[in-house]
Amino acid sequence: MSALRRPVSWRALITVLAVAVLALAACGGDDDEGGSSGGSSETLRIGAIPDQEPERLQRTYGLLADHLESELGVTVEYVPVTDYQGAVTAFGVGDLDVVWFGGLTGVQARLEVDGARAVAQRDIDEEFTSVFIAGADTGIEPFDSVDGLAALSGHSFTFGSESSTSGRLMPQSFLAEAGVDVGADLDGPPGFSGSHDATIEVVSAGTYESGALNSQVWDSRAEEGAVDTDRVVEVFRTPPYYDYHWVARPELDDRFGDGFTDRFVEALTSLSADDPSDVEILDLFGAGAFIATENANYGAIEDVAKEVGLIR
């Protein structure tokens, strides 16, 4: 090697070392940013059954993720799914950490994951209801007892999602209580619209003469003026039952620190209707507040699901 070339090599080596030092410094900076909240560097992945329009779900859970990040000091990501069973499967394999389930899907998810816990629900979910609706020109008159559901015999009928508590499970249970066999007494087999919003649409359009859905969605759409009462009317509101709730996987405390699951519940129940920054989230959920819950509250849902063959 010539004397002329040696200084050039040392300068190159110094440059390489300087770049390496800067790169390490940059990596250190990223770590600091990841821990700026003082919490775990892990990401909490939340999900929800797709029971409403995707745009509304994205708005609701985007705002909630921001609130949870602020309260828990960890990164929170909302991961959408395409159908109810997809939410149960994603929770079961660990792709989702905490999920907003309906009563039935929450039970199905807990049965797939030992130690999973129902942790919180809305205040309205302690006494949830479904509504039965019918085309205004069908001749089905409103009634006020479960026995009145016999009036739906001979009419076409649609549920919402096949795995929906308020759009399928409980309506089918009440129809059975009224003596209506959905496999024999309706005008053809029952349909499955896919969501509560879709049930309103297909009954309004006359595709089905009657249907059942979540009362909270029905009330919300009616208040928004999105229901054409010249085409579709409420004919019955069911007795109350437990429904929607958050279910958490059992390993959250190991991943995010002792007491994390309880802190998650506190972050939800701290949302206040008196705090303007919280009101939009509560309104999107149709809730006055979130409250703590427990697995035992859904025993009746599990029993009904076994009776109609949705849980074995």
Side-chain angles (χ1 to χ4, degrees), residues 46-49 51-52 57 60-61 64 67-68 84 87-88 91 98-111 116-132 144-146 160-161 163-174 177 196 212-223 234 236-248 261-275 278-308 310-311:
I46 64 172
I49 54 171
D51 63 342
Q52 298 183 59
L57 294 175
T60 301
Y61 293 96
L64 182 64
H67 169 77
L68 293 173
Y84 282 45
V88 173
F91 182 83
V98 194
V99 179
W100 179 242
F101 284 117
L104 172 60
T105 48
V107 170
Q108 291 173 327
R110 282 193 292 107
L111 293 177
R117 288 174 49 198
V119 294
Q121 62 181 172
R122 301 171 300 188
D123 50 356
I124 61 173
D125 292 309
E126 285 186 303
E127 294 189 337
F128 208 78
T129 56
S130 298
V131 296
F132 284 79
D144 57 10
S145 72
V146 173
S161 167
S163 298
S164 171
T165 304
S166 52
R168 193 274 177 90
L169 178 68
M170 297 310 295
Q172 184 169 342
S173 174
F174 288 119
E177 185 178 333
H196 303 296
L213 71 148
N214 173 322
S215 61
Q216 187 258 340
V217 172
W218 170 257
D219 290 340
S220 175
R221 299 298 177 272
E223 290 173 6
E234 175 181 337
F236 179 60
R237 188 162 296 225
T238 70
Y241 52 85
Y242 278 99
D243 199 356
Y244 287 79
H245 54 289
W246 288 97
V247 180
T261 306
D262 290 340
R263 290 180 54 220
F264 177 84
V265 176
E266 290 170 5
L268 287 173
T269 57
S270 69
L271 289 165
S272 171
D274 296 326
D275 184 337
D278 294 346
V279 167
E280 185 174 7
I281 297 174
L282 291 171
D283 284 351
L284 284 167
F285 273 95
F290 279 95
I291 59 176
T293 192
E294 59 185 3
N295 294 353
N297 288 335
Y298 310 95
I301 293 266
E302 184 172 348
D303 291 342
V304 172
K306 288 178 178 175
E307 288 177 10
V308 301
L310 292 176
I311 291 178

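Numbers here are sequence positions counted from 1.
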Student: Taking all non-hydrogen atoms of both residues, which atom of Ala48 and which atom of Ala87 are closest, and how far apart?
Tutor: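 Between these two residues, the closest heavy atoms are O-CB, 4.4 Å.
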Student: How many angstroms lie between CD1 in Ile49 and CG in Leu104, if you round to the nearest 0.5 Å?
Tutor: 9.0 Å
Student: Could you pull out all residues at least two apart from Gln121 that satisfy side-chain hydrogen bond (donor to acceptor under 3.5 Å, both in side chains)?
Tutor: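 Only Tyr298 meet the side-chain hydrogen bond (donor to acceptor under 3.5 Å, both in side chains) criterion with Gln121.
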Student: Taking side-chain hydrogen bond (donor to acceptor under 3.5 Å, both in side chains) as the test, write out the residues that go with Ser173, two or more places apart.
Tutor: none
Student: Could you tell me whether Phe290 and Phe285 have their ring centroids closer than 6.0 angstrom?
Tutor: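 So the answer is yes for these two rings.
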Student: Apply side-chain contact (heavy atoms from CB on, under 4.5 Å) to Glu307 and list each qualifying residue two or more places apart in sequence or on a separate chain.
Tutor: none
Student: Could you tell me if the side chain of Met170 sits less than 4.5 Å from the side chain of Asp243, heavy atoms only?
Tutor: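 No - every pair of side-chain heavy atoms lies 4.5 Å or more apart.
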Student: Please enumerate all residues that pass ring pair (Phe, Tyr, Trp, His ring centres under 6.0 Å) together with Tyr244, with sequence neighbours excluded.
Tutor: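 By the ring pair (Phe, Tyr, Trp, His ring centres under 6.0 Å) rule, Tyr244 matches Trp100, Phe128.
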Student: State, yes or no, whether a side-chain contact exists between Thr129 and Thr238 at a heavy-atom distance under 4.5 Å.
Tutor: yes
Student: Can you say whether the rings of Phe264 and Trp246 are parallel (under 30°), tilted (30 to 60°) or perpendicular (over 60°)?
Tutor: perpendicular
Student: Suppose we screen for side-chain contact (heavy atoms from CB on, under 4.5 Å). Which residues come up paired with Glu234, at least two apart in sequence or across chains?
Tutor: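 For Glu234 the side-chain contact (heavy atoms from CB on, under 4.5 Å) partners, ignoring immediate neighbours, are Val131, Trp218, Arg237.
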Student: Of all residues at least two apart in sequence or in a different chain, which pass the side-chain contact (heavy atoms from CB on, under 4.5 Å) check with Asp303?
Tutor: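 Applying side-chain contact (heavy atoms from CB on, under 4.5 Å) to Asp303 gives none.
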Student: Go through the steps to decide whether Leu111 and Glu302 satisfy the test side-chain contact (heavy atoms from CB on, under 4.5 Å), and finish with yes or no.
Tutor: CA-CA 10 Å; Leu111 293 177; Glu302 184 172 348; 4.1 Å; yes
Student: For the CD1 atom of Ile301 and the OH atom of Tyr242, what is their distance to the nearest 0.5 Å?
Tutor: 11.0 Å
Student: Could you list the residues that satisfy ring pair (Phe, Tyr, Trp, His ring centres under 6.0 Å) with Phe91, not counting sequence neighbours?
Tutor: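 Ring pair (Phe, Tyr, Trp, His ring centres under 6.0 Å) list for Phe91, sorted by chain: Phe101.
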Student: Output all residues satisfying side-chain hydrogen bond (donor to acceptor under 3.5 Å, both in side chains) with Asp283, sequence neighbours left out; order by chain, then residue number.
Tutor: none
Student: Calculate, to the nearest 0.5 Å, the distance between atoms CD1 and CG belonging to Ile46 and Leu64 respectively.
Tutor: 5.0 Å
Student: What closest approach, in Å, do His245 and Gly106 show between heavy atoms, and which atom pair accounts for it?
Tutor: NE2-CA, 3.6 Å
Student: Restricting to salt bridge (Lys or Arg N to Asp or Glu O under 4.0 Å), what partner residues turn up for Asp51, sequence neighbours left out?
Tutor: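 Per chain and number, Asp51 pairs via salt bridge (Lys or Arg N to Asp or Glu O under 4.0 Å) with no residue.
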Student: With side chains defined as the heavy atoms from C-beta onward, is the minimum distance between Leu310 and Arg168 less than 4.5 Å?
Tutor: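 Answer yes - side chains close enough.
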Student: Out of curiosity, Leu284 CG to Ile281 CD1, how far, rounded to the nearest 0.5 Å?
Tutor: 8.0 Å
Student: Residues in side-chain contact (heavy atoms from CB on, under 4.5 Å) with Glu127, at least two apart?
Tutor: Pro240
Student: With Ser220, which residues qualify under side-chain hydrogen bond (donor to acceptor under 3.5 Å, both in side chains), at least two apart?
Tutor: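 Ser220 satisfies side-chain hydrogen bond (donor to acceptor under 3.5 Å, both in side chains) with Glu224 once adjacent residues are dropped.
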Student: Within this structure, what is the CD-CZ distance for the pair Glu294 and Arg117, rounded to the nearest 0.5 Å?
Tutor: 10.0 Å
Student: Of the non-hydrogen atoms in Thr261 and Ala248, which two are nearest, and what is the gap between them?
Tutor: CG2-CB, 4.2 Å
Student: Tell me the closest heavy-atom pair linking Ser166 and Asn214, and the distance in Å.
Tutor: OG-CB, 3.4 Å
Student: Only counting residues at least two apart or in another chain, list the ones meeting salt bridge (Lys or Arg N to Asp or Glu O under 4.0 Å) with Glu126.
Tutor: none
Student: Taking all atoms of both residues into account, what is the closest heavy-atom pair of Tyr241 and Ser130, and its distance?
Tutor: OH-OG, 2.5 Å
Student: From Leu271 CG over to Glu280 CD, what is the distance, rounded to the nearest 0.5 angstrom?
Tutor: 12.0 Å
Student: Does the side chain of His196 reach to within under 4.5 Å of the side chain of Arg221, using non-hydrogen atoms?
Tutor: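 SC-SC contact between His196 and Arg221 ruled out.
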Student: So which heavy atom on Asn295 is nearest to which on Ala116, and how close?
Tutor: ND2-O, 3.5 Å
Student: Find out whether Asp125 and Ile291 are in side-chain contact, i.e. whether some heavy atom of one side chain is under 4.5 Å from a heavy atom of the other.
Tutor: no
